Each structure stands twice: as C-alpha cells, then as structure tokens.
Amino acid sequence: MARVVVDVMLKPEILDPQGQAVQRALPRLGFDGISDVRQGKRFELEVDGPVDDAALARIHELAETFLANTVIENFTVKVEEAAELAAGAEK
Amino acid sequence: MARVVVDVMLKPEILDPQGQAVQRALPRLGFDGISDVRQGKRFELEVDGPVDDAALARIHELAETFLANTVIENFTVKVEEAAELAAGAEK
Amino acid sequence: MSLDTVENASKTPDVELPWAELGLKKDEYERVVEILGRRPTGAELAMYSVMWSEHCSYKSSKVHLRQFGEKAPQSDAMLVGIGENAGVVDVGQGYAVTFKVESHNHPSYVEPYQGAATGVGGIVRDIIAMGARPVAVVDPLRFGAADHPDTKRVLPGVVAGIGGYGNCLGLPNIGGEVVFDACYQGNPLVNAGAIGVMRHEDIHLAKASGAGNKVIMYGARTGGDGIGGASILASETFDDAKPSKRPAVQVGDPFQEKLLIECTLEAFAEKLVVGIQDLGAAGISCATSELASNGSGGMRVELDDVPLRDSTLSPEEILMSESQERMCAVVEPSKVDRFLEICEKWDVIATVIGEVTDGDRLEIFWHGEKIVDVDPRTVAHDGPVYERPYARPAWQDALQADDANKLPRPASSDELKQQVLALVGSPNQASKKWITQQYDHFVQGNTVLAQPEDSGMIRIDEETGLGVAIATDGNGRFAKLDPYTGAQLALAEAYRNVATTGAKPLAVSDCLNFGSPEDPAVMWQFAEAIRGLADGCLQLGTPVTGGNVSLYNQTGEAAIHPTPVVAVLGVIDDVARRTPVAFQEEGQLLYLLGDTREEFGGSAWSQVVHDHLGGLPPKVDLERERLLGEILISASRDGMIDAAHDLSDGGLVQAVVESALLGGKGARLVVPDGLDAFTFLFSESAGRAVVAVPRSEELRFNDMCGARGLPVTRIGVVDGSGPEARVDVQGEFALSLDELRAAHEGTLPGIFG
Amino acid sequence: MTARIGVVTFPGSLDDRDTQRAIRLAGAEPVALWHKDKDLKQVDAVVLPGGFSYGDYLRAGAISRFSPVMETVIDQAQAGLPVLGICNGFQVLTEAHLLPGGMLGNDHLHFICRDQKLRVENADTAWTSDYEAGQEIHIPLKNMDGRYVADEYTLDKLEAEGRVVFRYLDFNPNGSLRDIAGITNEAGNVVGLMPHPEHAVEPLIGSGRTDGLPFFTSILKKLVAAS
Ligand SMILES: Nc1ncnc2c1ncn2[C@@H]1O[C@H](COP(=O)(O)OP(=O)(O)O)[C@@H](O)[C@H]1O
Ligand SMILES: [Mg+2]
C-alpha cells in the first residue's frame with residue numbers, strides 16, 4: 001500500500017483570508033521574518049496496489065475533477081516515499 | 001527567500017469527517033482502489049532570510065502553539081527545495 | 001494481555017486492576033467486587049468506572065437533586081419528567097415539547113471549536129432520543145475577562161464551534177447568554193440547550209423491553225477518541241499541572257448527525273422503534289446498561305459487531321469510547337429489515353449488535369467469550385451516593401457586609417451620563433451581535449423571535465400559530481452573594497423573559513455549574529442553589545423537567561462563581577401576538593411595571609464602575625413575578641402593548657437603550673417622583689419590565705394593572721427617529737442613538753473582530 | 001393549472017422544506033426530489049435549496065454536484081429547464097459549471113447571518129420577472145462560503161451581458177467580487193444567489209419581510225403563461 005498526497009492551494013491571484021489571518025497573528029505571537037502565508041488543503045490517499053503511471057494518471061484526474069476546483073485552485077500530486085513517511089512522522 | 005511547509009493532519013485516532021466524505025464519494029465517481037482518505041491543512045510560509053536551524057526551530061514552535069492544536073492534530077515541518085518547487089509547479 | 005473473561009475473573013481473584021487510574025475510589029471498587037461477588041473483568045471495570053463517575057452518576061449531587069421531584073409543583077403539562085434523556089411538556093393541540101440544557105465546559109477549554117461543537121451534538125441527540133424533531137438551540141456561555149488573551153483563543157473557537165455544528169444541522173439558534181468574568185478564566189462555561197417538538201403519541205423512551213427484540217447501533221463508527229473517559233475526567237478538578245488529565249477531545253461530524261436526525265425521525269414515523277438511547281458520555285457502556293435497566297429484561301451484546309473505525313481497539317476501549325454521532329435503537333425482529341433500509345437510504349451505517357433477553361443480566365461477548373455479566377441496574381442506577389459535607393463559607397458574611405449600596409454614586413448629571421455610556425458599552429452589557437450573527441436564526445422557517453429578543457420563539461403549527469418560547473438566564477455574581485436567592489433570580493429572570501414576549505411559562509430545565517464538590521463551601525453553594533431553585537419552581541408552578549450538573553469547574557483552589565443557569569420554556573397560542581423588544585412607533589407611552597428599590601449588590605453598575613462584588617443581591621418576590629407575567633401575557637394577547645423589555649442586568653437604562661436601538665426610535669424619560677435619577681436608571685430590582693403602550697390603549701392598560709394591583713409608573717414616551725433620535729433623561733442628560741450605538745455595538749468587534 | 005416545482009433534497013440540505021413552503025405560499029405545487037433519483041418527476045422547474053449538503057466537506061457543493069439527480073438537472077438546465085440555486089444550491093451550480101466562477105469562504109472567516117440589502121440588477125430572468133430592475137430589497141443571508149470569485153474576464157463578461165442578477169448594497173457580507181450576490185447563465189433560465197428568498201415570504205417569520213416571494217411568483221407566472 002502506498003500513499004499519494006494531493007496538495008490543493010488557492011490560485012495565487014485569489015485572496016486567501018485564512019493565510020492572511022495567520023500571517024497577521026504572527027507578530028502578536030512574537031514571530032517575524034515571515035513575509036507571506038498561504039493556507040491550502042492536503043489530501044492523503046492510501047492507494048491499494050502499485051502506484052504506477054496509470055494509477056497516478058487516475059489520481060491526477062481525480063484531483064482535477066474533484067479534489068480541486070480548477071476555477072479557483074491549483075493542485076500537485078506526489079507519491080510519498082517510505083523514507084519521507086518515516087522522516088515526516090509525528091512530532 | 002525560502003518556503004517552509006507545515007502540514008497539519010488530524011491524529012490517526014481522531015475522526016476525520018472531511019476525509020471520510022471524500023472517500024465515500026469516490027466509488028460514485030468511478031474511482032476505486034483508494035482505501036483511505038485523510039484531509040488536512042497545508043501552510044506555505046515564505047521565510048525572509050536563511051532557513052537555518054534556529055528559524056526551523058521557531059517555525060516548529062509556531063506550528064505547535066498556533067497552526068496545530070496538538071490535542072487533536074499532528075504536524076510536520078519541511079523546507080521546500082527549489083527543485084521541488086519547480087517540479088510541483090502549478091498544473 | 002490475554003482476554004479477561006468473566007470465567008477468568010472468577011478464577012483469578014487476586015489480579016490487580018487499575019481502578020484508581022480509571023477514577024474509582026477504593027471503597028467504590030470494593031463495592032463493585034461486592035456486587036459481582038468476584039473481581040470485575042477489565043471490561044466490567046471500564047463500565048463501572050465511567051458510569052460511576054461524577055459526570056454520569058451524579059454521586060455528589062443526587063441527594064440534593066431529589067428536591068426537584070419532592071417539591072415538584074402539580075402540573076398537568078408534564079408528560080415525562082426527570083430521569084429520561086429530556087423532559088417532555090404538553091403544549092396543547094396534541095403537541096409535546098422536549099427541551100434540555102447541558103454543559104460541555106471542560107472540553108471547550110481544551111479545544112474550543114470541537115468542544116463546543118460536540119456539546120451541541122450531544123444535546124441534540126438527547127432531544128432526538130425522545131422522539132422529537134429538534135427545532136432550535138440556545139447557548140448560555142461564560143468566559144474569562146473579555147480582554148484576557150486566552151479569551152481571544154477560547155471565545156472565537158467556542159462560538160465558531162456552536163455555529164459550525166448547529167448551522168450545519170439546520171437548527172436555528174434563538175437565544176443564550178454571553179457573560180465575561182475573571183472567575184471563568186480557566187473554566188469557561190459552555191452550556192448548550194435544545195428544543196424538540198413531537199406529537200404526544202410519538203414520545204419515545206430509553207428502554208429495552210420485549211425478549212428477542214434487536215439492539216441496533218447506528219450512526220458513526222466507534223473510534224479511539226474520547227477514550228480514557230472524558231466523563232471521568234470531567235469529574236475531577238481541572239488542574240493545569242497535570243496535562244495528562246486533560247480530557248481527550250472528540251471531533252464532531254454535524255453532517256453525520258443531520259443524517260441521524262432524518263433517519264431516526266423516519267423510523268419513528270413508521271413506528272419501528274421500541275426504545276432508543278443516544279450515545280453520549282460513557283458511550284456503549286451507558287447506552288446498553290441504561291436501556292437494559294430501564295426495560296423489563298436483560299440484554300446480550302456481541303461487541304464484535306460494533307462497527308469500528310480502528311480495528312485495534314480493545315473491548316474495554318470500545319465500551320468506553322465517546323465517539324460522537326451514534327445511537328442505539330431497540331427494534332422488533334420483524335421490523336429490523338425496514339429499519340436498516342431507512343438507515344441505508346440516509347447512508348447511515350447500522351448494525352444489529354445484540355438482543356433483549358428474558359433474564360435480568362447484561363451480558364457482553366467478545367470473540368465468543370463472555371467479558372461482561374452484570375446486573376445492568378447496578379451499573380446504571382446503583383452508583384455511589386455521597387452526602388458530601390457542606391458548610392457556609394467563612395467569607396460569606398464579610399462579602400455580604402461589603403454593601404454595594406454604599407459605593408460612591410455619580411455626583412453630577414455629566415458623570416451619570418458617562419456611567420450610562422460605560423455601562424451599555426461594557427462587555428457584559430454590550431450588544432452580542434458579533435457572536436449571534438454567526439448563528440443561523442432563520443433555518444426551518446419558523447423563527448418568530450431570536451436574538452436579541454427577551455426570549456426566542458418558534459412557531460410549531462403553521463395553521464394555528466401555536467408557538468413555544470425559551471429563555472436561559474443565570475447570574476453568577478448574584479449567586480455568589482447568596483446562592484439561594486441567586487438561583488431564584490435566575491429562575492425569575494428567565495420566567496420574566498418568556499412572559500415579556502407574550503408566552504406563558506410552563507416548565508424549567510437547568511444547568512448547574514459549580515466548583516469542586518469536595519470543597520464544603522462549594523457544596524454549600526450547590527445545596528443552597530438547588531434549594532432555591534426547587535422552592536422557586538414550586539412557587540411559580542413550573543416543574544423542573546431535567547437538567548445537568550457540571551462540577552469541578554475549578555482551577556486549583558479557585559472555583560468559579562456558583563452559576564446555576566435556568567431555562568424556562570413557555571407556550572403561546574398564536575405567535576402573531578408576540579411582543580418584541582424594539583420600540584415600534586413614536587408617541588407611544590412608556591410604562592415601568594413593578595417596584596424600584598435601591599438594590600445594587602452584584603449589579604452591572606457596581607461591576608462596571610467600581611469593579612465591586614459585595615452586599616446582597618436584589619430581593620426576589622415570585623408572587624410578584626407571576627403577577628407581572630400575567631399582565632404581560634394578557635397585554636400581549638389583547639393588543640395593549642407594542643413593545644416590552646424585561647429589566648435585568650444594567651437596569652432600566654440598559655433596557656430602554658436596547659429597545660431604542662433595535663427600533664431605531666428615541667425615548668424621552670422623566671424620573672418618577674420618589675426616585676432619584678441614579679436609582680431609576682441603574683437599580684436592578686427584580687420583577688420589572690418596561691412596556692410601550694399605544695395611546696389608544698392607555699386607559700385599558702392602566703385599568704388592568706390597577707385592578708390586579710401591579711404598580712405601574714408612566715416614565716416617558718417613544719420619541720424621535722432618524723439621526724435626531726436620542727435617549728433623553730429629562731433634567732439630566734441626553735445621548736444620541738448614534739453615540740449609544742457606537743458604544744453598545746462597538747465593544748465586541750473591537751475586542752474580537 | 002399550476003406549476004410543479006421540484007426541490008432537491010441532498011443529504012445535508014436544510015432549507016428544502018422551507019423552500020417547499022415558499023413555493024406553496026406563491027401558489028405553485030412543490031415536488032420533493034431525492035438526490036439518488038435521476039427522475040425529476042416531470043417538474044417544470046427545479047430549486048436546489050440551501051444547507052450544508054455533505055457537510056460542505058471538501059468544498060461547498062462539490063460532492064452533491066456528482067449526485068444522480070444532478071446528471072439530469074445539468075442536462076435539462078442546458079436544454080432550458082428553469083433552475084434556481086439558493087446558497088448551497090448556488091454553490092452546487094458553480095461546481096457543476098452551470099454558472100461561471102466559484103465560491104470561497106467568507107473573507108472575514110466567520111459564518112454570517114443577517115438581513116441583507118440587495119439591488120435587483122436583472123429583472124428579466126425566469127426567477128426575477130416580478131421584480132423591477134433597480135429595485136432594492138432585503139433578503140436574509142446566512143453562509144460560511146459566500147465569497148463569489150471569478151477571473152476578471154469572466155466578471156467583465158457577466159457585467160457586459162447583464163448577468164449579474166443581484167448585488168449587495170451598503171455592506172458586502174462575504175467579500176464577493178464586485179459585490180455580486182447572484183448571477184444567471186446566458187439563457188437566463190439558471191439563477192444562483194447566496195441570500196435566501198425562501199426565508200422572506202411571511203410577515204411574521206424570520207426577518208419579517210416578504211421581499212423573497214417574487215422569486216416564486218415570477219417562475220409560476222412564467223410557467224403558467226407557457227403552458
Ligand atoms: N450566546 C448567545 N447565543 C444566542 N443568543 C444570545 C447569546 N448571548 C446573548 N444572546 C441573546 O442576546 C439577547 C440579550 O442577551 P441578555 O442581555 O443576556 O438577555 P436578557 O438580559 O434578556 O436575559 C437575548 O436575546 C439573548 O438570547
Ligand atoms: Mg431580557
């Protein structure tokens with residue numbers, strides 16, 4: 001079983017008030033040096049079977065038609081490697 | 001300027017209604033072979049200056065105290081490499 | 001560890017079980033052993049520990065709560081009383097109404113959004129479990145100081161959670177409270193109430209009867225959230241030093257709950273359900289033991305059949321899980337298929353997990369082995385009962401002696417004016433619109449009155465206009481000064497709020513929020529408050545139909561103010577006769593009903609101007625409240641008044657300013673003979689309301705009050721609209737509505753926006 | 001002869017019964033439609049009601065848009081069937097690309113419920129003929145994801161073709177671009193808006209105004225005239 005990650009972010013020209021709210025809060029929390037924050041969605045899909053080109057193509061289509069609304073959002077599809085899985089483990 | 005990505009996901013034992021709703025819709029859309037979907041948040045932070053250990057430690061703290069509620073969520077912090085930035089560019 | 005079966009437990013009496021970790025006291029554990037005649041299995045221990053927690057067993061409060069039954073007034077309206085998921089009241093025309101208030105205080109401090117959201121979810125399931133369609137929610141809330149940084153974390157999350165869940169369920173939010181006080185800093189109070197409506201014949205109860213009937217679990221899958229027993233942890237002092245004690249928080253799924261509502265109501269409509277119980281605190285432990293012990297026989301449950309979200313859960317965890325959005329129904333075998341079909345229609349997972357048996361045991365199996373074999377009554381009803389020691393605290397006398405009536409009063413008209421502005425703009429008296437506009441008031445298309453009216457009102461029959469009203473009130477400052485009177489003042493205010501809108505008060509629910517019962521001073525406050533409320537309900541003829549106790553609202557030694565929150569439900573024959581708060585027409589006469597005395601103990605004025613809490617709270621006269629209520633109801637029915645507003649915190653000036661701002665119309669006020677301007681404006685004497693009377697009704701209205709012996713004083717006239725409108729206290733000062741609006745409506749957005 | 005107007009119930013629809021009531025009060029016959037049914041029961045028009053279908057999970061309207069009933073609605077809308085999307089219904093219509101643009105979370109990040117002032121910009125659609133162009137009305141608004149966005153080209157096109165049907169007045173409650181509260185398709189048979197006309201049909205209830213009733217009388221007149 002493998003994990004495929006689809007990240008969906010608002011298109012850059014679209015206002016992201018959530019990201020802005022985070023950014024505005026930073027100075028209050030004592031954080032500076034962060035010039036922009038954007039907030040998007042992350043989908044982790046557990047795929048049965050091999051993640052070959054065909055499977056990725058299908059997930060790409062899924063992202064395009066369903067997980068993202070391409071009128072307002074961009075997306076990326078990535079296979080999460082086992083190594084990364086371990087590295088990115090809960091902190 | 002560099003980009004640091006904070007991914008925030010509900011802890012595995014916590015119900016993820018959004019992910020479930022997505023997963024349940026998949027068969028209707030003609031997608032099978034995906035055994036689980038979890039939906040989380042992705043924050044893209046544009047950091048001024050170098051992303052050294054000190055900067056990462058501060059972002060880690062930011063994630064822990066503000067971007068995630070660690071009662072119910074886990075998070076990961078990653079520096080996005082230029083290469084990745086290019087590869088993952090808008091599709 | 002290998003499976004701890006009943007057989008195994010009998011054979012290994014000496015195995016040590018973690019009873020202390022699960023919150024049981026030594027004597028309680030010994031009692032379990034005595035009941036069973038052997039040591040409990042791990043699963044049995046899990047059940048007893050959650051069910052005997054303070055939160056589920058009411059072990060500290062039970063001996064006092066009995067008064068609500070013992071002193072219950074004779075009332076024909078009561079169809080189902082205390083003890084069921086929620087009380088049920090007859091409102092006429094064949095309709096019955098169920099309502100209840102519950103607390104979700106501790107989880108809301110830890111995770112404000114989800115804590116508050118699941119609080120709404122829980123109370124709504126109680127309503128569905130009675131057979132009713134939920135029609136509205138209310139949310140009495142209390143937070144620490146408005147300008148404290150942590151309040152900025154807690155309040156927006158709580159409000160978003162209540163809105164997020166209730167809005168998504170399609171329930172109009174029609175009332176509540178928002179109170180700020182430093183005493184709630186580490187212990188915010190998130191109470192949530194719901195109302196449901198059904199026909200008399202649709203009332204359902206939580207009982208499993210009829211051997212062979214099937215027990216069906218439906219709704220969300222059971223997961224690992226809330227394990228560790230949020231209910232156990234809500235039963236202990238909240239102590240920052242021990243993060244491990246922080247209750248696990250669950251994530252709510254309002255969408256799933258909406259499906260639960262629809263599919264449950266469809267099953268009720270087809271008469272498929274013999275008994276029903278929601279799964280809240282203590283999860284399956286609670287649902288199975290309560291269903292079984294309220295029924296005639298026993299129950300056998302196959303725990304393997306419970307749909308799980310996480311296949312690694314142990315049977316103990318499954319029994320204790322507090323996953324949200326689950327229900328349990330008892331259904332005759334011939335109707336099971338149809339029941340499952342309806343669930344399927346609504347995409348709700350449903351599984352038969354057991355059946356009602358002839359015996360009187362609750363038996364639970366796991367992998368074919370018996371892991372629970374108990375008399376369900378011992379789990380559900382025979383929990384420990386404590387007679388906790390209580391004593392009037394040593395500081396009470398000094399507190400009461402610190403008389404607020406002696407505080408320096410404004411020395412000039414200008415100072416009076418400044419204090420009025422400060423009052424209407426103070427966080428507690430300011431407009432709560434920033435909060436309430438995050439709630440849907442309109443959904444279901446039956447909302448007659450919602451915030452900021454004195455009570456929320458819902459039409460329940462489109463043909464006849466029959467409606468119900470609800471108000472929730474509490475005043476922890478009054479209760480701190482005198483818990484007996486404080487509880488009665490809360491009751492009186494909610495009663496008055498309902499009557500002010502034209503509805504007849506019928507019944508009461510409450511949510512009693514207090515500190516640690518292990519502190520005799522807190523226990524005294526609790527005992528006094530209950531005594532006051534029970535006496536008050538007897539006198540007003542409004543029975544308590546149910547409620548909730550939340551103890552351990554305390555951080556270290558510091559307990560919250562004793563905070564009994566009272567909800568009063570009323571009925572109105574025709575909602576077209578309702579009376580709104582807003583001034584309607586210029587030229588109408590303003591009358592003050594009731595007596596005004598120098599009563600400033602615990603008042604908003606003493607808090608805002610002097611940051612003072614001391615003295616005695618206002619006197620209560622419940623006969624007067626009843627009379628005032630009758631006058632307000634008659635006046636509304638007979639069209640004698642066009643607007644009315646009850647007087648409570650902030651006194652007359654607060655009420656007049658609110659009515660003026662809402663109606664966009666000014667008022668000219670004359671200080672009546674025998675009163676000074678300060679007392680006239682700021683006194684918080686109970687039993688009062690201000691009404692706007694059309695000139696054509698003046699005689700009739702005065703005659704009615706005179707004939708019934710209610711003091712009535714003409715205090716002015718509705719006057720002015722548009723940019724010129726002012727609240728003008730003649731001979732003292734005038735403030736434009738614009739100025740007042742800026743002060744009243746600017747405060748919360750200024751802090752939280 | 002009266003008209004039959006369908007109201008779709010998705011899982012999580014909330015204002016479906018209220019919309020049926022509004023249709024009834026206007027004098028037409030409401031017909032309940034179910035999301036799993038492709039059959040539109042030969043209704044003369046369809047309303048997609050407000051609510052949180054599928055909890056608004058993923059994106060508001062994104063999951064409902066793929067329901068069986070929507071297959072038929074999309075086909076027939078393209079063939080001219082009058083369709084009105086209110087709030088969540090509007091979101092479904094944009095997700096289904098029957099209307100251009102998309103809906104995002106309110107710019108202030110809160111749910112908002114208020115009596116909203118609007119101007120009717122286009123009184124020629126199937127659903128607005130009983131208003132007058134330029135008329136100012138008050139309709140309750142309640143939403144979390146009410147921010148209408150589209151690219152500049154699309155916005156300009158909508159304006160140029162008179163397809164902005166309603167605009168927020170005095171106060172933009174959600175950050176919608178160009179204060180847009182509602183739009184229509186090229187043919188004028190499909191209309192979507194965020195505010196809730198079905199909650200402004202009785203003098204006693206809700207906001208206490210009846211400014212929403214003309215939606216339902218407009219369509220009724222049109223359908224009766226056509227038959
Ligand atoms: N959290 C809340 N949720 C809903 N309505 C609220 C809330 N807080 C206050 N309100 C409403 O605002 C109005 C004013 O509140 P309050 O001053 O406490 O009323 P009263 O003094 O009449 O009891 C009432 O209609 C009340 O129901
Ligand atoms: Mg009031």
Side-chain angles (χ1 to χ4, degrees), chain C residues 133 156 159-173 252-263 325 344-348 433-451 457-459 462 465 467 574-578 580 582 749 752-753, chain D residues 9-22 24-25 34-37 49-58 60 63-64 67 87-88 106 108-116 139-144 171 173 195-209 212:
Chain C
R133 173 176 284 281
V159 170
I162 287 174
Y165 205 99
N167 297 339
C168 187
L169 277 189
L171 295 179
N173 183 309
D253 181 355
F255 169 59
Q256 175 72 244
E257 179 120 328
K258 166 70 178 166
L259 301 184
L260 269 188
I261 296 177
E262 297 302 334
C263 95
E325 292 97 19
E344 163 125 32
K345 168 181 169 191
W346 287 99
D347 299 326
V348 168
K433 191 158 138 195
W434 186 85
I435 289 167
T436 58
Q437 78 175 6
Q438 299 185 43
Y439 303 149
D440 187 344
H441 313 159
F442 298 113
V443 65
Q444 295 198 6
N446 284 311
T447 305
V448 180
L449 297 175
Q451 312 84 345
M457 189 180 286
I458 292 286
R459 176 179 67 182
E462 278 181 52
D574 182 0
V575 293
R577 314 259 33 138
R578 90 273 178 268
F752 301 104
Chain D
T9 298
F10 299 104
S13 289
L14 304 178
D15 302 309
D16 44 348
R17 287 189 199 85
D18 310 25
T19 304
Q20 292 177 19
R21 183 195 288 124
R24 210 180 321 114
L25 288 172
W34 182 239
H35 71 112
K36 288 181 184 171
D37 252 336
F52 284 80
S53 63
Y54 291 96
D56 271 5
Y57 298 148
L58 186 57
I63 301 180
S64 304
S67 57
C87 193
N88 196 230
N106 298 339
H108 47 79
L109 303 176
H110 300 292
F111 187 93
I112 186 165
C113 173
R114 71 193 302 269
D115 200 16
Q116 175 70 43
I139 305 264
L141 169 115
K142 41 179 197 131
N143 62 63
M144 187 73 214
F171 175 75
H196 287 260
E198 81 283 13
H199 286 139
V201 294
E202 291 182 275
L204 204 62
I205 298 296
S207 67
R209 303 180 203 248

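Quick caveat: nothing in here was measured; it's all calculated off a predicted structure. A, B, ... follow the sequence lines: proteins, then strands. Residue 1 opens every chain.
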From D/Thr9 atom OG1 to D/Gln20 atom CD, the distance as rounded to the nearest 0.5 Å: 6.5 Å
Among D/Pro140, D/Gly208, D/Ala22, D/Ser13, residue most engaged with chain C (heavy-atom pairs, under 4.5 Å): D/Pro140
Centroid-centroid distance, D/Tyr54 to C/Phe255, less than 6.0 Å: yes
Selection from C/Asn167, C/Leu171, C/Asp253, C/Leu169 maximising heavy-atom pairs under 4.5 Å formed with chain D: C/Asn167
Closest non-hydrogen atom pair, C/Pro172 against C/Val443: N-CG1, 3.4 Å
Atom group of C/Ala576 that falls short of 4.5 Å from chain D, counting heavy atoms: both
C/Lys433 portion near chain D, given a 4.5 angstrom heavy-atom threshold: neither
Note: C/Arg133-C/Glu262 ion pair, threshold 4.0 Å (strictly below): yes
Which portion of D/Tyr57 sits near chain C, non-hydrogen atoms under 4.5 angstrom: side chain
Side-chain H-bond candidate by donor/acceptor type, C/Tyr439 with C/Gln451, under 3.5 Å: no
Parallel, tilted or perpendicular: rings of C/Phe442 and D/His199 (30°, 60°): parallel
Interface moiety of C/Leu449 toward chain D, non-hydrogen atoms closer than 4.5 Å: neither
Contact origin within D/Glu202 toward chain C - heavy atom pairs under 4.5 Å: side chain
For chain D, the option from C/Met457, C/Arg459, C/His441 that forms the most heavy-atom pairs under 4.5 Å: C/Arg459
Which atoms of C/Val575 approach chain D - backbone, side chain, both or neither, heavy atom under 4.5 Å: both
Approximate separation, where rounding is to 0.5 Å, of C/Asp347 CG and C/Gln256 CD: 9.5 Å
